[in-house]
Number of protein chains: 2
Amino acid sequence: MKHLLTASALFMSLVHPTAMAQEAPSPAAIAAAAPAHDWQPISAQDLLVMTLAPDRDGHTRTVTIQLMPPPFSEPWVDNIRTLARAGWYDEVSINRVQDNYVVQWGDPDGEEEAKAKPLPEGLRPTEESDYAAVPIENLDVKIRQALARGILNRESHDRAELMEAGPEGRMASFWMRQFRSDPYALANLFYRGWPIAMMFGEKEIWPVHCYGMVGVGRGMSPDAGSGAELYTVIGHAPRHLDRNIALVGRVIEGIEHLSSLPRGTGDLGFYEDSAEHVPIRSVRIAADLPEGERPAFEYLSTESDSFANYADARANRREPFFIKPAGGADICNVPVPVRRAGAD
Amino acid sequence: MKHLLTASALFMSLVHPTAMAQEAPSPAAIAAAAPAHDWQPISAQDLLVMTLAPDRDGHTRTVTIQLMPPPFSEPWVDNIRTLARAGWYDEVSINRVQDNYVVQWGDPDGEEEAKAKPLPEGLRPTEESDYAAVPIENLDVKIRQALARGILNRESHDRAELMEAGPEGRMASFWMRQFRSDPYALANLFYRGWPIAMMFGEKEIWPVHCYGMVGVGRGMSPDAGSGAELYTVIGHAPRHLDRNIALVGRVIEGIEHLSSLPRGTGDLGFYEDSAEHVPIRSVRIAADLPEGERPAFEYLSTESDSFANYADARANRREPFFIKPAGGADICNVPVPVRRAGAD
């Protein structure tokens, strides 16, 4: 996750470990050094284990997805658990791989009503008003604390320059510090381990489309999708989808089994030939697996000092490779560290 | 490049073309409808044709790279032409594929001086001071015109809200309009077909690390790389590399042959086994190919009204699928349209 080293520089870094000892730690090293109490366990109820058909060399392919916690996207997340427990996803397939965009899976015959796989009973109705909007008054006070602490704050040189640029500059600096603007939101922050955005004056927040995030395919509005058709992002964050689609989770292990699939040659990257579809053998909630097969993961608490240091290091790379730290980072360039539990 | 349609919605859009006739055009449709004079030819001197070994099914794999024009990265771009003309890249290989980051190619034995492939004569020395810094006074006046026109301007609702938020809000609105800030720069704009950034008060501009951009691997500073080792971005824009590495071009065709390669399992995504390396058969300047084999491409002029409309449509998706246009776009979410010449 670090450098664009030439092979020779990599070799050098491997053979001179003592020379590196005093260097500024990388973001990954900061996360790895976090105390155990800064790591939060992920509930087995929030883990989806998706097993693809083996690859052409017979290797197993397992993708683990963390579902989003309340207050986000609750109807869809509930539906996904219902669909998984009904075995509905078993033997559907990956049908679309569009470069620099998404991998999408679901019923390949969904477009033909007579052939479509019937959905199980008990799915909740979904509404587009729930894509992202959550009254901020109802949220934990930590969200405002995180905002006040200025994680992801744009630091240093350009703010300093603004400060020297007269009253307008100082005012711009004030707004930048408060809201860390990007083109899609006036504030980006982390809430309970998830990247979210908010708009000035709008009393709502929403999860954002970063690499690896999982969302719900849908038809035309007001169809908001059931959760039977899902996708994950395999390219630059398509933030224009924020608040237009329900986000329900993120891939935390095995995304390479999706991102390295052959791209579809049909419209929007759909596979043109059904022989190209990648079969999904099963999707299970981790809590429903036998204890010995149940994976356990944890994430670095986004309310911890360790995370604040990690985010700062992502925004200001101080390792010897970097000669000009950016002084800022967009929220999708600060992926929340997730690891197997017990790795510490 | 458009929607996260369910299969049924895609089907619907295919069978009811007349129903779609009055809809707002997609960004791609706006580009396709641009008059011929808005398309700029790309010089055959600026096209690199990289031929990989066939894939395991025997299919050919060709990747076309557009080299960056002056005033950016000239020493490295010159070196790449020298290396290509010397046949130096022939039979080097792709040695690294790191998920959500880069694909990198060069001499797999580069780390061992005794085995390293000798570089040709005539390479220019390179300096890190040339990574990006270009005195803005020397640039074409169009750069300031583009800035003034406000392409990529954050539009609409949050600015409107700021305007209602008192003097501070109005001042923030002013700065946002002028500089379309993101966490990495105070201004992003397009210059002669390329995405670039600038910092308030710094008299320099630099190309940015978007998906598909090609850069130069290097060792530790002050090594700035020769151009013999190259990489391309296959994930979320790693903007923290801006001004830390020389960018020299972008992949304009065939990136799927790189982005869908198996991920390396070694440190930083390097392939651990040399059998995994993907051989590069040849890299040629298009101008040096026989006329019948010479590809021809063109890009949508970033100084044209068509491009301004395209960028606006990327920032404000008005097709029926979208219910909440973002009102802005980050520069890497506005890829410059490039197509085979004669497609019009």
Side-chain angles (χ1 to χ4, degrees), chain A residues 2 4-11 99-100 102 110-111 128 154 158 161-162 168 171-172 175 180-184 186 199-201 211 215 217-221 229 231 235-237 239-241 243-245 255-256 259-263 268 317 320-324 326 328-330 332-333, chain B residues 2 4 6-11 95 99-100 102 110-111 128 154 158 161-162 168 171-172 175 180-184 186 199-201 211 215 217-221 229 231 235-237 239-241 243-245 255-256 259-263 268 317 320-324 326 328-330 332-333:
Chain A
K2 290 186 294 273
L4 284 156
L5 295 168
T6 57
S8 68
L10 177 68
F11 183 73
D99 196 66
N100 191 20
V102 296
E111 82 272 28
E128 58 194 26
R154 176 149 186 73
D158 65 294
E161 285 168 346
L162 281 171
E168 302 93 329
M171 194 58 72
W175 282 97
R180 303 167 291 280
S181 59
D182 73 15
Y184 300 96
L186 273 182
M199 200 62 88
F200 183 78
Y211 190 93
R218 65 167 171 88
M220 288 296 175
S221 170
E229 185 138 1
Y231 65 88
H236 187 72
R239 296 280 305 272
H240 52 286
L241 297 174
R243 298 191 286 176
N244 284 283
I245 291 190
I255 194 164
E256 67 275 15
S259 56
S260 67
L261 290 172
R263 277 45 182 160
L268 308 175
R317 300 294 290 263
F321 185 80
F322 289 89
I323 58 172
K324 198 141 192 170
D330 81 77
C332 292
N333 253 335
Chain B
K2 290 188 293 274
L4 284 156
T6 57
S8 68
L10 177 68
F11 185 71
N95 309 312
D99 197 65
N100 190 22
V102 296
E111 82 272 29
E128 57 193 29
R154 174 147 188 75
D158 65 293
E161 285 168 348
L162 282 171
E168 301 94 329
M171 194 57 73
W175 282 97
R180 303 167 292 280
S181 59
D182 75 13
Y184 300 96
L186 275 181
M199 199 62 88
F200 183 79
Y211 190 94
R218 66 166 169 89
M220 288 296 174
S221 171
E229 183 136 3
Y231 64 89
H236 187 72
R239 297 280 303 275
H240 52 286
L241 297 174
R243 297 192 286 176
N244 283 284
I245 291 189
I255 195 164
E256 66 276 14
S259 57
S260 68
L261 289 173
R263 276 48 181 159
L268 307 175
R317 300 294 291 262
F321 184 80
F322 289 88
I323 59 172
K324 198 142 192 167
D330 80 78
C332 292
N333 254 336

Problem - Within-4.5 Å side-chain heavy-atom neighbours: A:His236 and B:Asp330 - result: yes

Problem - Pairwise side-chain contact, A:Phe321 with B:Ile245, heavy-atom cut-off 4.5 Å (strictly under) - result: yes

Fill in the blank from the handout: For B:Glu256, the side-chain hydrogen bond (donor to acceptor under 3.5 Å, both in side chains) test, sequence neighbours excluded, returns none

Handout entry: Test side-chain hydrogen bond (donor to acceptor under 3.5 Å, both in side chains) applied to A:Asn333 - qualifying residues, sequence neighbours left out
Key = B:Tyr184

Problem - Which atom of B:Phe322 lies closest to which atom of A:Leu241, heavy atoms considered - result: CE2-CD2, 4.0 Å

Fill in the blank from the handout: Nearest heavy-atom contact between B:Arg263 and A:Ser260 is NH1-CB, 3.6 Å

Problem - Best-contacting candidate, A:Gly215, A:Pro262, A:Ala237, against chain B by heavy atom pairs under 4.5 angstrom - result: A:Ala237

Problem - Interface moiety of A:Ile323 toward chain B, non-hydrogen atoms closer than 4.5 Å - result: both

